[in-house]
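Reckoned from all heavy atoms, side chains included, excluding hydrogens, waters and symmetry mates. Values in this document were obtained by computation on a predicted structure and should not be read as measured data.
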Amino acid sequence: LATIPSPGLNEDGIRIGPGPSLSLVEFVATIANASFSVSCTDCSSNGMKELPTMVALLEPTFSEITDGFLTVLEDILTSNYTQILIDRFMNKTVSMCPHHPDYNSSAVADVSEAEYGTPGLSWLMASSWEFIALTAATAFEVALAVLSINLEEYDPPETDPLSGERALDVPESVELLDFSEDELISTVLGEVSSFLNKTVDTVNGPNMNINELIGSFLLDSDGIMSFSVDMSFEVGGASIEIAGVRLYGLDSFTKLDLLSVIGSYTLYNEISLGGISFEADILVNIPGDQSSPAFFTSRSTSGVKEQITVGGEMKNIDMTLALLMAIDLNKLGAIEMGSMLNSAILPQCLLSALYSGLNVTDLSLSIGTLEHPTLTGISSSALAGSIENVTMTIFNKYGSSIEEALPTILEVAVRVALNSILDEIQSTPCPDPGSFVGDDVNVDFRDLLLNPLKAVEAGGSGEAPYGDIIPMFKQALDDYLSTSDGSSSYLQLNGDLIEPLTETLSGVPGTFIIADSLINQTIDFDNIVGLSFVGFSIYATQLENLDTIQNPLVFLNPAAANVLDNSLNIGTPSDPLRVSTSLSFEIDSDYFITSDTVDIDVGVETAEIFASIMALVRAKSLMEFPLRDLAYLSCWLATIPSP
């Protein structure tokens, strides 16, 4: 080999100078016929015992894979990877020849890791792409079937959703939010769950509130949630990019029981959906085959670009989820308002208030029907047919086993993924909400309450200086406040909030008792000029038909930088707004004694109320407002400069 010129190498072990002095220009091998079989000699698991049957069912596919192995071997032997190894070996051979002037008796021809590191191997090429894709799809589906069969005898252990809080060791100096003892929190959580789970009449028929909200804010007009993933990675010299994902059925909830308090720090959730399906767009960019850096041969081909769509569907999904949420009240109270107004930092800021982290302590999942996965967009009809044949063969034979095992597989995957995501979020500290120049900068309500586009239209900056959370809630609130109940001109707000609230307070839906006794005054004259006493009282004062609110209803509409408009339209000719009270008047004198009671009733067919409020709220005070003072009206008013 020393008779062949030795190539020079750079510091990375790559040839420098002209072309190679020794190269494998072309390598071709053929097989007349290939067969593939597996036998289980010592297998304890049912899945592996079934593997020979699977291979036999897919024998044509495995024979095709065996044939394809030669293509990969040819690609590797004529690739840059092999040429680099040859160049490195040739660089050392002169020092191993006894009669060569550069002979070194201790020289060793190490062509890979020791001196230069392992060269990159491009094994996923245009000529081998179909073989690799078929091999990967077959291996995945066979492995899924083997795992599913093994899980048929799996008996999941009894789980305790309260295990997390029982394991907590809380020092006396730490005060945790106890959901079971805080009646207000329990009530709020219950009301939120009831509202989301409530069925309402819509233009498309009865539907749950959660489905309407998801459809309005997360889905497009076709009921699809689309988002870009922008995830790419390299495999064997080819680049693979997950370009976008589409989710269907997110508005198919049939049951939603959220945030049920089952322990001091544990919340339980039950969810049922009619079905969820997905589509993922995958872009594969495969380089062309070049037999060597210096030669172009008959095996050289142009690159391949594939846009593949992978799909799947699950129907009748039921899931239960228990979450340990041990909230440290001191940490929660120290969080500033500005950290809660930006969706980009909200999760980590909320989770920073947890004492032990947010953990999934219990998870169960059941799937009624699992549809066959789909794979479309492959340019090669032969490859698409081969993969479809593998899928049909596996699912026709082992579909029931896969369907039974998938919930268990997903339970483990979802639990690991959720805990991993939560750990990653919690590892990031809550950042400062940002600073505002000077203490005298006032909040521009247009930028605080409106999204950037609407803020600009209203005269604001549109730069969202106060985050995006409040504009999202404001938009949701406006949409809700303008929604009628579907059967009359009244707003849905009446049935959802006004009626149950007033019934709780007074016992009568739509009626609010201002006071059982508003005024009760007695003046004693000590029989001066024959007058003993005079009594005066106003009682049983109440408002009726408060559940007749109609459009237009305007709440906190920013008319200017520091001005908020509000308007209310209430009462109709058939259900007028009524104010009623009882007035009692007593006189005890030497001349006469009287005791009179009069019921007063004032009805207003339609009342239109408008209020415009100006407030100079300091931006710095608002953004630095600690959550611990949320319940103090005086603290909110302190964000406005004292006159």
Practice task
Flag the pair Leu196 / Val192 as yes when at least one side-chain heavy-atom distance between them is below 4.5 Å, and no otherwise.
Solution key: yes
Fill in the blank from the handout: For Ala322 and Tyr268 the tightest heavy-atom approach is CB-CD1, 3.9 Å
Exercise for the section: Could you please spell out the steps behind the side chain to side chain donor-acceptor pair (under 3.5 Å) verdict for Ser379 and Glu306? Expected result: CA-CA 7 Å; Ser379 58; Glu306 296 276 3; 2.6 Å; yes
Handout entry: 4.5 Å side-chain heavy-atom contact, Leu267 and Leu189
Key = yes
Practice task
Provide the closest heavy-atom pair for Thr254 versus Leu273 in the form atom of the first, atom of the second, distance.
Solution key: OG1-N, 4.0 Å
Practice task
Heavy atoms only: give me the nearest Met208-Lys255 pair and the separation to one decimal.
Solution key: SD-N, 4.0 Å
Exercise for the section: Using a 4.5 Å cut-off on heavy atoms from C-beta on, say whether the side chain of Leu250 contacts that of Ile276. Expected result: yes
Practice task
Would you please say whether a donor-acceptor pair under 3.5 Å links the side chains of Glu50 and Asn46?
Solution key: no
Exercise for the section: Go through the side-chain N and O atoms of Ser401 and Glu152 and say whether any donor and acceptor fall under 3.5 Å apart. Expected result: yes
Practice task
Answer yes or no: is there a side-chain heavy-atom contact under 4.5 Å between Pro373 and Thr391?
Solution key: yes
Fill in the blank from the handout: Which of Ile394, Leu147, Ile149 passes side chain to side chain contact (heavy atoms under 4.5 Å, CB included) with Ile402? It is Ile394
Exercise for the section: For Gly223 and Leu219, work out which heavy atoms get closest and say how close. Expected result: O-CD1, 3.7 Å
Handout entry: disulfide (SG to SG under 2.5 Å) contacts touching residues 27-77 (sequence neighbours left out)
Key = Cys40-Cys43
Exercise for the section: Using a cut-off of 6.0 Å, state whether more than 12 heavy atoms not belonging to Phe195 lie near its atom CZ. Expected result: yes
Practice task
Please assess Arg246 against Asp281 for the test salt bridge (charged side-chain N to carboxylate O under 4.0 Å, His left out), listing each intermediate value before the final yes or no.
Solution key: CA-CA 9 Å; Arg246 293 175 296 281; Asp281 295 327; 2.6 Å; yes
Problem - Donor on one side chain, acceptor on other, Glu59 and Ser63, under 3.5 Å - result: yes
Exercise for the section: Give a yes-or-no answer on whether the side chains of Ser364 and Thr320 include a donor-acceptor pair shorter than 3.5 Å. Expected result: yes
Exercise for the section: Identify which one of Thr309, Val310, Thr374 satisfies the side chain to side chain contact (heavy atoms under 4.5 Å, CB included) criterion when paired with Glu279. Expected result: Thr309
Handout entry: Asp222 side-chain N/O to Ile224 backbone N/O, donor-acceptor pair under 3.5 Å
Key = no
Exercise for the section: Let me know which of Val55, Ile387, Ile65, Thr393 forms a side chain to side chain contact (heavy atoms under 4.5 Å, CB included) with Thr138. Expected result: Ile65
Exercise for the section: Considering non-hydrogen atoms only, spot the tightest contact between Leu365 and Met319 and give its length. Expected result: CD1-CB, 3.8 Å
Handout entry: Donor on one side chain, acceptor on other, Glu404 and Ser148, under 3.5 Å
Key = no
Problem - No-hydrogen, no-angle side-chain donor-acceptor test under 3.5 Å, Asp257 and Ser260 - result: yes
Handout entry: Distance-only polar pair, side chains of Thr266 and Glu165, donor-acceptor under 3.5 Å
Key = yes
Practice task
Over all heavy atoms of both residues, which pair between Leu323 and Thr361 is shortest? Give the atoms and the distance, please.
Solution key: N-OG1, 4.3 Å
